[in-house]
Structure formats: C-alpha cells, structure tokens
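Working notes, beginning with the structure itself.
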There are 4 protein chains.
Amino acid sequence: METMTPAQLEAIYEKVKNWGRWGTEDEAGALNLLTPERRAAAAREVQSGEAVSCSRELPVEPSTENPNPALHMMIRAGDDCVIPGVGLETAMDFVGVAFHGMATSHIDALCHVFVNGQMYNGRSAAEVKSTGAHANSIMVARDGISGRGVLLDVARHRGVSWLEPGESVGPDELEACEASQGVRVGEGDILLIANGRDARREAQGPWSPIEGGLAGLHPSCVPWLHERGVSVLGADGVSDPLPGPGVEGWPMPVHQCCLVAMGVHLLDNLRLDRLSEACASAGRWSFLFTVAPLRIENATGSPVNPIALL
Amino acid sequence: METMTPAQLEAIYEKVKNWGRWGTEDEAGALNLLTPERRAAAAREVQSGEAVSCSRELPVEPSTENPNPALHMMIRAGDDCVIPGVGLETAMDFVGVAFHGMATSHIDALCHVFVNGQMYNGRSAAEVKSTGAHANSIMVARDGISGRGVLLDVARHRGVSWLEPGESVGPDELEACEASQGVRVGEGDILLIANGRDARREAQGPWSPIEGGLAGLHPSCVPWLHERGVSVLGADGVSDPLPGPGVEGWPMPVHQCCLVAMGVHLLDNLRLDRLSEACASAGRWSFLFTVAPLRIENATGSPVNPIALL
Amino acid sequence: METMTPAQLEAIYEKVKNWGRWGTEDEAGALNLLTPERRAAAAREVQSGEAVSCSRELPVEPSTENPNPALHMMIRAGDDCVIPGVGLETAMDFVGVAFHGMATSHIDALCHVFVNGQMYNGRSAAEVKSTGAHANSIMVARDGISGRGVLLDVARHRGVSWLEPGESVGPDELEACEASQGVRVGEGDILLIANGRDARREAQGPWSPIEGGLAGLHPSCVPWLHERGVSVLGADGVSDPLPGPGVEGWPMPVHQCCLVAMGVHLLDNLRLDRLSEACASAGRWSFLFTVAPLRIENATGSPVNPIALL
Amino acid sequence: METMTPAQLEAIYEKVKNWGRWGTEDEAGALNLLTPERRAAAAREVQSGEAVSCSRELPVEPSTENPNPALHMMIRAGDDCVIPGVGLETAMDFVGVAFHGMATSHIDALCHVFVNGQMYNGRSAAEVKSTGAHANSIMVARDGISGRGVLLDVARHRGVSWLEPGESVGPDELEACEASQGVRVGEGDILLIANGRDARREAQGPWSPIEGGLAGLHPSCVPWLHERGVSVLGADGVSDPLPGPGVEGWPMPVHQCCLVAMGVHLLDNLRLDRLSEACASAGRWSFLFTVAPLRIENATGSPVNPIALL
C-alpha cells in the first residue's frame with residue numbers, strides 16, 4: 001500500500017476521535033448514529049423479502065486460515081437419546097469458540113482494541129480484566145444492530161474476481177464504487193466492503209491471512225468513514241489490509257481508528273459473495289441489515305450471523 | 001393441567017403432521033410458510049424503529065435455574081494486551097455453551113427431539129450421530145428467520161404478574177388474548193407467548209424448572225397452532241408446561257408435536273418482559289422479528305439473540 | 001474454631017516464610033525438601049504393591065457441591081466410528097475442567113494464592129496474567145511429585161465417621177493421631193489429612209462447602225507443618241476449615257501460609273477413605289505417593305489422580 | 001515397511017487375542033499381568049530416586065503437528081484477584097483438551113479402537129455411545145498403572161539421532177536392542193519404545209504425522225509383545241508407523257491388535273529423550289513407572305504425565 005508516516009496515522013487517529021461527542025460515559029460510539037428513525041427507514045428498504053446471511057460457517061476444523069477452530073460436540077445423539085427419568089428423546093450439543101479467529105464471522109466490541117493503553121472514549125485498557133471487560137463490552141449492542149446496510153463490492157467494481165492479499169482500497173475508489181453501483185453511504189449506515197475473499201478461497205483454497213495477507217481499506221479511508229458517519233463497518237476480510245502499513249505502533253490502523261477513536265464496531269470475516277449476487281440481481285445495494293450479538297456480559301465481541309433483508 | 005390420555009395425544013400428533021407436505025426431502029418444515037412476501041410484509045410492520053432484544057444474558061454463573069452455565073473466559077486482557085510480534089494491543093475471549101440449558105435463550109432445530117426414534121419428515125434419530133446431526137440441523141435456518149412476530153402476553157391478559165409454574169394455557173385463552181390485544185395470529189407468523197417468567201424470577205429469584213415447574217401451553221393448543229400456520233413458536237419458558245401431562249411417552253407434547261410432527265422450530269427461555277412493555281406502549285403486538293442462528297453445521301440449534309423491531 | 005487475632009495470623013505467616021531459603025529465584029518451595037534420596041527411600045516403603053487412587057471421579061454433573069462441573073463430551077462414538085479417509089474405527093472425547101472447583105481432586109500451584117499482592121518468594125501477583133502465570137506455575141512439578149506419603153485419619157482417631165463441617169484440628173491432635181497410628185511425619189513427607197468427608201457425603205449426600213462448611217486444620221497447625229518440613233499437604237477437604245477464622249485478610253490461612261509463605265503445594269478434594277481402609281488393613285500409614293500434574297505451561301495447578309503404593 | 005497381506009494381519013490379530021483369558025466380563029486386559037507383586041518388585045527398581053517425566057507439554061498452540069490444540073484459559077488472574085465476598089486473592093484457570101491429538105501425551109483406553117465393530121473382549125462398538133463409553137473405559141485404570149517400565153531406545157541402538165518417518169522396527173531389532181542395553185522385557189512390564197521423535201522435532205521443527213509420517217513398530221512385533229506379556233505399550237510416536245501397511249482394514253495394526261485383541265493399553269506421543277539420557281547415565285533401562293489417568297467416567301483415555309523413578 002501507499003506508505004504512511006507515523007505522523008500521518010497519528011493525525012488521522014486524532015482527527016476522527018469521537019471521544020466525548022456523545023458524553024463522557026458513552027459506550028455506544030457510532031451506534032449513536034443509528035437512531036430509531038434510521039432503523040425504521042432501513043426497514044422501508046425491504047422490497048422482495050429475500051434474506052441473505054453474511055456469515056460463514058463456524059469453522060470447526062483446523063485449517064491454515066483458522067488454526068484455532070471452534071468446538072462443536074454432541075452431548076447426546078440419536079444412539080442414546082432418551083433422557084433418563086424424563087423420557088424425552090432428544091439430541092443436544094455444545095458449541096464453543098474463540099471467536100476473534102480469522103475465519104469466524106464476528107463482531108468486535110469497542111473493548112477489543114487499545115491504542116497506547118486506551119480504548120474508546122478514553123477508558124483504560126486496565127478495565128478489560130482477566131475476569132472480563134468492565135467497559136465497552138459488546139453488551140452495548142444488546143438490543144442488536146439493525147439499520148440500513150450498504151454493500152460496496154470493490155472486486156466487482158474493478159471487474160476482477162478478487163483483490164489480491166495486501167492490496168488496499170482508497171477513498172476515491174470507494175466513491176467510484178458508490179457511483180457505479182448507484183448508492184451513497186450516509187450517516188448511520190452499516191457499510192460492508194467486499195474484496196472477493198470468498199471467491200479467492202473457493203478458487204485457490206484457504207490461506208493464512210497472517211502469513212499470506214488480506215486485502216483491505218487503506219488508512220486514508222478512515223477520515224472518509226468518519227465524514228460519512230458510518231455506524232458499523234464490515235468486510236469479508238478484516239477491514240485492514242494485511243500486512244499493515246509497517247509503521248511502528250500502527251499494525252492495524254483501521255481497527256485502531258474505528259474501534260478506539262471513532263467508536264465504530266467492526267464485523268470481520270463476513271461472507272459477502274451471496275449478498276453481492278443478490279444485490280446485483282435486485283439492482284440495489286442497500287437493505288435492512290441486522291446483527292444480533294449474543295448477550296455475553298463483559299465480552300469483547302460475539303460470533304454473529306448478520307442477516308440482510310432485501 | 002387438564003388430563004390427557006395417550007390416545008388423545010397420539011391423535012393430536014397425527015393430526016398436525018406436516019410430513020411430506022413440502023416434499024419428502026424437506027427439512028424446513030413450517031419455515032416454508034415464512035415466504036419472502038411475508039418477510040417483506042413483516043418489514044412494513046416497523047413504525048418507530050424501536051429495537052428490543054428477546055434474549056436473556058448468557059448464563060455464565062451456575063444457578064438453580066441453570067446448573068450447567070456457559071463458559072466465558074478471557075484469552076488476553078488489558079494486563080497483557082500486546083500480541084507478540086504483531087504489536088496490536090488487544091483483548092480476546094472464548095465463549096462456549098451447552099445451549100439447550102434452561103436459562104439460555106436458544107432455538108431448537110428440528111433434530112432436537114424425536115418421537116419413537118423419528119424426527120421431522122420421518123427421518124431416523126440415527127441420523128443424529130455422535131459426530132453431529134446429518135439431517136434437520138439448524139443449518140436450514142442459515143439465512144436467519146425474519147418474519148412477523150406476534151406477542152401474546154397471557155399474564156397481562158389475566159391481570160397477574162405471572163402464571164404459576166405448572167399452569168397451562170389453552171387455545172380459548174390464546175384467542176381471548178388475541179382479542180384483548182387486538183391482534184390475530186396468521187399464517188407464517190412467529191408466535192411468542194409470555195407467561196411472566198421474568199417477573200417471577202425478579203420477584204422471587206431463580207428456580208429450577210425441572211424441580212419447580214414452568215407455565216406453558218396445554219397440548220390442546222397444538223391443533224390451534226397448526227390451523228393458524230405458525231412458523232416458529234417461542235416462549236419465556238419452554239412452551240411446554242413443566243411438569244408435563246404425566247402420560248407415558250409424552251413428557252413434552254408441545255415440543256414433540258411442534259418439532260417432530262409439524263416442523264415448527266422452537267425458541268426457548270426468551271426474555272419477553274421488555275418486549276411486552278414496548279408493545280403495550282406502542283399499542284401494537286406485532287413487529288418485525290429476526291432470529292439469526294449461528295451457522296453451526298450439524299447442530300441441534302443455536303444460542304440466539306432474537307430482535308424485535310417495532 | 002478457636003478464635004485468632006489478625007496479629008496472631010500475621011505472626012504465623014511471617015514465622016513460616018521460606019522466602020529466600022532456597023535462593024531468590026526459587027519456585028519449587030518445599031518441594032526442595034523432597035530430594036532424590038527421599039524419593040528412593042519412599043520407594044522402599046512399598047511392600048504389598050497395592051495401589052490406591054486418592055482422586056475422586058471428575059465431576060461432570062452439576063451438584064450443590066460443585067456447581068461448575070467438568071465437560072466431558074464425545075467427539076466420535078461407536079455409532080459413527082470410521083474416520084473418513086483413514087479407515088480406523090475409533091472413539092474419541094474431549095475433557096475440560098475449571099479444576100479449582102470444590103469436587104475436583106487437584107493440585108494448587110504456588111501461584112494460585114496471593115497475600116497482599118504477593119506470592120511465594122515475593123513474586124508479584126501481577127506476574128499471573130490473563131495469558132497465564134509467568135512465575136510459580138505448576139510446571140515446577142513437571143517431573144511429578146513422588147515421595148513418602150503419610151496419612152493421618154483424624155476421624156478414625158476420634159472414633160467418628162466424620163468431622164462435622166467447620167470443625168478444626170489442632171497440632172496436638174495431629175500428634176495424638178501420629179501416636180495412635182504409629183507413624184511420624186518427617187522432613188520431605190507428603191502429608192494427607194482425612195476428616196471423613198467421603199463418608200459424610202455418602203451418608204448424607206453432597207453439600208456445598210461454601211454454604212455448609214468443611215472440616216480442616218486450625219491455623220495453629222501451620223508452624224507444626226513448618227517444623228516437620230512437610231513438602232506437600234493434601235486433604236479430603238481443602239486443608240482449611242470453612243468457614244474460615246473470620247479475620248479480615250485471612251479467609252483461608254492454611255492456603256495462604258502454605259502456598260505463599262512456605263511454598264507448600266496443596267492437594268484439595270482428595271478421596272482418602274479407600275486409602276485409609278488400605279492403611280488400616282496393612283497396619284502401616286506411610287507409602288510411596290505419586291502426583292503427576294499435567295504439564296500445562298503457565299497453569300495455576302492441575303487436575304490429578306494421586307496414587308499411593310503400599 | 002515390509003509388506004503384509006490381509007491374511008497375515010488377520011492371523012496375527014487372531015493369534016494374540018486375549019478375549020476370555022481373564023473372564024468374559026474382564027475390562028482390564030493385559031493390566032491383569034501387572035500384579036501387586038510385580039508392582040512391589042518394580043518399586044525395588046528404584047535406586048537414585050531420580051524422577052523423569054515422560055510427557056510433553058500440553059500443546060496449547062496450533063501447529064502442523066497438532067492442529068487441534070488444548071484450551072488453557074485464565075478464569076481469574078492477578079489483575080483482578082480478589083474473589084468478591086470471600087476476600088481470598090487467587091488465580092484460577094481452565095484446561096480442556098481433545099487428548100487423542102498427535103502432540104498430546106495420553107493413554108488410550110481399550111474402547112478407543114474397534115475392529116469390525118468390536119472392541120476388547122468382544123464388546124460391541126455400540127457400547128461406546130454419544131454419551132460416553134459404557135464398556136472398556138479408562139476407569140479400569142482408576143488406581144493408576146504402576147509397574148516396571150523398560151525403555152528400548154531404537155535410535156540409540158542404531159547409532160542415529162532418530163528413525164525417519166515411516167521406518168519400522170521388527171522383533172529382531174527389539175531383541176538386539178535388549179541385548180545391547182542389557183535388559184529383557186518380561187511379563188507385566190510396561191514397554192516404552194523411543195524412535196528419536198523428540199530429537200527430530202528439535203532439529204527440524206514439528207511436522208504433521210498424518211502427512212509426514214512417523215516411525216513405529218512393524219506389525220510382526222505384535223506376537224513378540226504377546227509372548228513377552230507386555231502390560232502396556234508406549235512410544236514417542238504412536239507405536240504404529242505412519243503411514244500404515246496399506247492393507248484394507250488394517251490402517252494401524254499395532255493399535256488394532258494391542259487395544260482390541262490383546263487388551264494392551266497404549267501411551268502415545270510420550271517424550272522419551274530425557275528418560276533415555278537418564279537411563280544411559282544410570283546404565284540401567286528399567287525403572288518404576290507410574291501412569292495416573294484422570295478418573296473420567298466413560299472416557300476413551302486421558303491426558304497423562306507418566307513418571308519414571310530410577
């Protein structure tokens with residue numbers, strides 16, 4: 001990517017800071033922009049009633065992409081299904097996941113990342129303890145995140161199947177993408193960026209984002225996200241390109257600026273190819289979008305299955 | 001509850017069977033009634049844009065209500081937040097849950113219950129193996145369940161804070177409830193029944209549903225649910241009253257008839273008090289309702305955070 | 001129990017401190033007393049070759065005694081046993097446990113307890129991070145703990161089936177117990193104290209040690225343990241009586257003095273009734289005793305199955 | 001390896017069958033050979049009192065060798081160590097593991113492997129259910145396995161640092177190894193075979209045994225193990241060479257013959273380099289060996305830390 005200096009990144013970080021904007025005690029950040037009125041308007045986006053999941057299957061097998069898979073184990077199956085004493089024939093299972101992995105569709109709470117020991121709204125990293133996050137946990141999104149979703153499919157705009165790992169996308173390209181798709185990202189919108197990761201994985205097999213890289217947004221997009229008033233940012237990658245800009249202290253500037261400075265929750269490792277097909281077919285790139293994090297107190301996020309309703 | 005004979009329960013079960021109704025290979029069951037058109041119509045229910053979660057907090061502490069709590073553990077917290085080699089300051093956690101517990105808001109897949117070794121559409125219980133469910137898994141709801149939700153608050157209708165454990169509700173009372181609330185359950189609707197479990201728990205503390213019982217629907221409601229064409233049934237309890245009817249082979253007839261005969265997915269242990277307040281304030285008892293199960297292949301359900309949008 | 005003042009407890013704690021005794025970097029504590037020579041001598045205790053486990057079954061069901069049970073789940077069972085591609089017919093499982101629970105036989109590492117923010121040998125509690133213990137972990141016992149075990153069965157000595165919860169045992173009674181059993185605890189020995197918890201549980205069912213209490217050693221035993229040079233202390237309870245002495249800052253003085261001041265590892269929730277029977281039959285109360293903690297780096301202990309060889 | 005025909009493998013399997021030898025209900029298998037007298041004699045092997053663990057560190061990071069690592073997570077660390085209401089300053093953690101992985105030192109119970117749907121002593125694979133093993137579980141070793149251990153270091157005998165993956169060792173070489181080391185494997189002994197896997201891993205880094213192979217015993221060793229009356233077999237690999245003999249139905253003949261036909265428990269993925277050094281220094285290759293499986297009811301094995309006492 002185009003190189004950045006520490007001073008440039010620091011300046012972006014300071015420029016987009018929303019600390020104090022919604023009060024000194026605020027933990028919702030840019031979710032404040034997603035007002036009930038905007039939720040109601042988003043519902044009016046629905047036309048056909050087609051529903052599309054933007055989640056990948058929970059990865060239960062290890063792979064180069066996700067070396068630390070989820071656990072899914074049966075507690076009781078059909079071979080021994082009668083609960084003693086109760087008589088009900090039943091099957092039950094357990095699911096567990098370190099959900100911040102690189103193949104799990106998940107939401108990052110604002111306590112997921114710190115910059116110089118601080119998180120959103122100036123709270124100390126020390127408030128995220130071994131016993132759980134005591135500030136900026138995912139519980140701020142306990143009533144779900146419903147709003148207008150907008151998908152920008154950069155690969156489709158470029159006319160390629162996918163962006164190569166490490167490639168980055170600047171704000172001009174986002175605007176060109178808007179223009180070609182006939183949509184404009186507005187205040188309170190949930191913005192989704194597709195870089196073709198799904199297509200590349202299907203064509204070439206899974207790869208390690210840590211070792212092999214991922215396409216993502218150039219840090220210069222951050223002020224643009226701020227100006228537009230994006231409430232939540234999602235991607236088929238992790239929004240940041242990997243490897244990062246190579247600047248000391250700024251390994252993942254989009255994560256750092258969104259989560260810490262702006263208070264913008266992130267959706268990582270989404271599956272966006274099916275949504276892109278549906279949008280292209282419908283000729284519309286906005287929809288009602290619902291993210292329903294599990295209500296896990298003191299958590300740094302949640303695995304999610306975000307649903308677009310077209 | 002009013003006593004039932006084995007023959008009566010068997011007759012209900014046979015009467016409401018949807019096996020073959022949507023084809024011999026169908027795994028969606030009554031979700032077939034939730035058409036895109038009905039989803040689009042449900043979106044038009046949204047007026048104020050108020051969002052209300054119908055999930056309880058994931059229970060991470062043991063209690064009499066839920067002796068088998070979820071695991072929520074930090075992998076990395078603020079005290080040691082820098083990932084070696086990467087430089088990102090971060091916090092991460094793990095969550096795991098045997099989600100069919102009695103305090104976890106969850107959805108039951110159609111493979112969760114068997115009757116005489118069979119599940120929905122005549123599939124054998126043997127297809128639910130120690131390695132996972134190979135039929136009727138929750139993946140049939142992979143694109144989420146979005147539709148018109150209708151809440152019937154039986155406690156409010158009776159003018160009490162809660163129904164006592166073991167009390168049951170018949171179809172006449174459901175209709176009286178509809179009348180008093182000014183709403184009518186129609187085909188494809190997601191029906192939620194509130195019995196005041198949240199209020200009782202807050203007033204008297206948690207109790208064991210297994211030992212202390214729960215209020216629920218009398219088995220005679222099952223044909224009514226079938227006639228109305230309910231697509232999904234949810235409750236603040238588990239839909240069935242506990243203890244059950246005391247009839248050999250029918251420990252939980254609502255579960256057995258809904259999941260196995262009708263192919264109606266169930267939502268257990270919801271939190272409905274806040275939704276009831278919101279509906280009462282709005283003077284409307286229908287809303288857009290979204291359930292987004294995690295995409296867990298071969299799973300018997302999922303923990304969920306269902307969202308009502310009013 | 002006989003009341004203690006803060007000053008008395010503080011004095012005991014200071015008196016038995018082994019900090020610096022084996023060097024400023026030492027993490028082994030009283031395990032230093034268990035020399036190869038003493039291990040070899042312990043092996044010469046073996047006569048009949050009878051082996052007796054001192055562990056309880058891993059508690060996989062919730063109970064009042066242990067509300068947070070272990071997870072034991074099959075990954076693959078006989079119903080679906082052929083590994084695809086490999087052809088081996090196999091069954092596999094997963095086990096997980098928060099092993100410091102009140103029904104799990106486990107060993108406490110020296111990093112398990114702090115007093116005023118310090119652990120054994122003056123290390124800071126801050127070295128035990130959300131990512132694991134970076135000092136005084138169980139890895140100091142990586143080669144196992146093998147030595148001469150001595151069982152003192154206080155209930156048998158008193159002629160009762162069990163000590164009641166909350167009862168405590170003083171050093172005089174330990175010496176009377178030694179005399180009646182014909183054994184003397186010496187330097188480097190692993191001392192096990194039986195209070196009849198197993199017999200009480202079998203007679204009356206499980207109870208919550210937190211709410212119902214446990215018998216244990218009076219804090220005045222601590223100097224006696226120090227004088228005798230005990231290397232490891234174990235009990236069918238948790239060594240400390242519950243409730244504790246009711247002195248601010250000293251909720252579990254035996255844990256605090258053994259783990260922090262003396263560097264004596266603790267074995268909690270052992271099953272000692274079968275060992276007591278075996279010792280009584282053999283007319284000997286010493287034996288080769290082997291504890292083999294799992295090699296878990298950065299861990300605060302381990303579940304264990306200690307084996308006595310008579 | 002030297003090729004084998006299906007008939008040869010079948011003949012070996014039938015020849016070494018111990019079914020019925022210790023009764024039709026027996027679940028202990030060759031552990032019956034490890035009598036109290038032999039345990040007592042094994043204790044007399046101890047001379048110096050040197051203790052050596054034969055376990056690897058529990059693998060908590062994913063690697064090519066072990067893609068499915070153990071979970072080790074802190075529940076409470078030094079940053080938030082005071083238990084509310086109790087006042088104890090403490091740290092606690094959770095450990096969980098699918099222990100049959102290729103880098104975890106573990107014991108295989110006799111229910112771990114089936115041949116044609118049967119396990120040791122003719123029990124059906126169907127007795128190993130989704131809810132756990134109801135026959136031949138690890139609980140047969142509940143009192144631990146203590147006996148005379150004998151280490152044969154094949155790599156040392158060959159004068160190489162390690163055997164290459166896929167290489168196999170025949171009975172003649174085991175006898176040559178005995179001769180050169182001056183030890184003879186006798187009835188009831190726990191036999192450990194070192195092939196230098198630790199040295200190769202340290203020199204070349206970890207590799208996938210599935211993809212890259214492992215050295216092991218040629219199936220022709222099985223009758224030799226049977227004649228000698230080995231009670232338990234362990235290895236730094238998995239006893240079987242990988243890949244296996246390439247014969248339909250016999251992917252891991254040593255596992256299949258030991259666990260199913262002979263009732264010989266297996267210890268997989270041991271660390272034997274330090275024991276080999278200690279034995280070489282002592283000039284003796286036999287010792288007291290103790291394996292203490294966790295008491296996990298219905299389990300197919302256990303993670304273990306076997307201890308040799310020289």
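Computed from a prediction, not measured in an experiment: that's the story for all the values here. So you know, we letter chains A, B, ... as the sequences are listed, proteins then strands, and number each from 1.
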I'd like to know which of C/Val128, C/Leu58, C/Thr131, C/Val304 tops the heavy-atom pair count under 4.5 Å against chain D. C/Val128
Reported CZ-to-CG distance for the pair D/Phe287 and D/Leu275, which is rounded to 0.5 angstrom: 4.5 Å
Proximity breakdown for D/Asp108 and chain C, heavy-atom pairs closer than 4.5 Å: neither
Proximal component of C/Val115, with respect to chain D [non-hydrogen, under 4.5 Å]: backbone
Just so I understand: if I count every heavy-atom pair under 4.5 Å between each of C/Lys129, C/Met252, C/Glu50 and chain D, which residue has the most? C/Lys129
Backbone of C/Arg142 reached by a side-chain donor or acceptor of D/Asn305 within 3.5 Å: yes
Treating C/Glu89 as the side-chain partner and D/Gly117 as the backbone partner, does any N or O pair qualify as donor plus acceptor under 3.5 Å? yes
Keeping the roles fixed (side chain from D/Asn136, backbone from D/Tyr120), state whether a donor-acceptor pair exists under 3.5 Å. yes
Verify, without hydrogens or angle tests, whether D/Thr104 (side chain) and D/His100 (backbone) share a donor-acceptor contact under 3.5 angstrom. no
Test of understanding: with side chain to side chain contact (heavy atoms under 4.5 Å, CB included), list the residues that count as partners of D/Ala28, not counting sequence neighbours. D/Asp26, D/Leu31, D/Asn32, D/Val140
Contacting moiety of D/Arg38, where chain C heavy atoms sit under 4.5 Å: neither
Can you tell me which of C/Asn116, C/Thr290, C/Leu71 forms the most heavy-atom pairs within a distance under 4.5 Å of chain D? C/Asn116
Measure D/Met139 against the heavy atoms of chain C and call it side chain, backbone, both or neither at under 4.5 Å. side chain
Would you mind checking which part of D/Glu57 comes under 4.5 Å of any heavy atom in chain C, side chain (CB onward), backbone (N, CA, C, O), both or neither? both
Interchain contact, D/Val60 with chain C, by part (heavy-atom threshold 4.5 Å): neither
Which of residues 77-88 of chain C have a heavy atom under 4.5 Å from any heavy atom of chain D? C/Ala77, C/Gly78, C/Asp79, C/Cys81, C/Val86, C/Gly87, C/Leu88
Name the option with the most non-hydrogen atom pairs under 4.5 Å to chain C; the candidates are D/Pro306, D/Pro293, D/Gly147, D/Cys111. D/Pro293
So, does D/His106 use its side chain to make a donor-acceptor pair with the main chain of D/Phe99 at under 3.5 Å? yes
Assert top hit (heavy-atom pairs under 4.5 Å, partner chain D, pool C/Val46, C/Thr35, C/Val95) equals C/Val95
Greatest number of heavy atom pairs closer than 4.5 Å to chain D - which of C/Ala125, C/Ser55, C/Gly144: C/Ser55
Mind checking the CD1-CG spacing from C/Ile138 to C/Leu294? Nearest 0.5 Å is all I need. 9.5 Å
Could you have a look at D/Ala40, D/Pro251, D/Ala98, D/Ala91 and say which one has the most heavy-atom pairs with chain C under 4.5 angstrom? D/Ala91
Among D/Val52, D/Val113, D/Val97, which has the most heavy-atom pairs under 4.5 Å with chain C? D/Val97
Leading residue by heavy atom contact count with chain C [cutoff under 4.5 Å; candidates D/Pro59, D/Ser130, D/Ala126, D/Ala41]: D/Ser130
Strictly distance-based, threshold 3.5 Å: is any side-chain N or O of D/Arg148 a donor or acceptor partner for the main-chain N or O of D/Ala42? no
Under 3.5 Å: donor-acceptor pair, side chain of D/Arg271, backbone of D/Arg56: no
Side chain / backbone / both / neither for C/His112 at chain D, heavy atoms under 4.5 Å: both
Find the one option among D/Leu259, D/Leu309, D/Ile75 whose heavy-atom pairs under 4.5 Å with chain C are most numerous. D/Leu309
Is the backbone of D/Leu34 close enough, under 3.5 Å, to the side chain of D/Ser231 for a donor and an acceptor to pair up by distance? no
Please flag which part of C/Glu297 lies under 4.5 Å from any non-hydrogen atom of chain D: side chain, backbone, both or neither. both
Evaluate the salt bridge (Lys or Arg N to Asp or Glu O under 4.0 Å) criterion for residues C/Arg274 and D/Asp143: first the C-alpha distance (whole Å), next the side-chain angles of each, then the deciding distance (0.1 Å), finally the verdict. CA-CA 11 Å; C/Arg274 293 177 59 243; D/Asp143 284 314; 3.2 Å; yes
I'd like to know if D/Asp93 pairs up with D/Arg76 as an ion pair, taking the criterion as any Lys NZ or Arg NE/NH1/NH2 lying under 4.0 Å from an Asp or Glu carboxylate oxygen. no
Would you indicate whether the side-chain heavy atoms of C/Ser105 and C/Asp268 approach each other to under 4.5 Å? no
With distance as the sole test, does D/Asn298 use its side chain to make a donor-acceptor pair with the main-chain N or O of D/Ala133 at under 3.5 Å? yes
Just wondering, are more than 12 heavy atoms of other shown residues or ligands nearer than 6.0 Å to CD in C/Glu187? yes
Under a 4.5 Å heavy-atom cut-off, does chain C meet the side chain of D/Gln256, its backbone, both or neither? side chain
With chain D, which of C/Ile210, C/Thr90, C/Leu288 has the greatest number of heavy-atom pairs at distances under 4.5 Å? C/Thr90
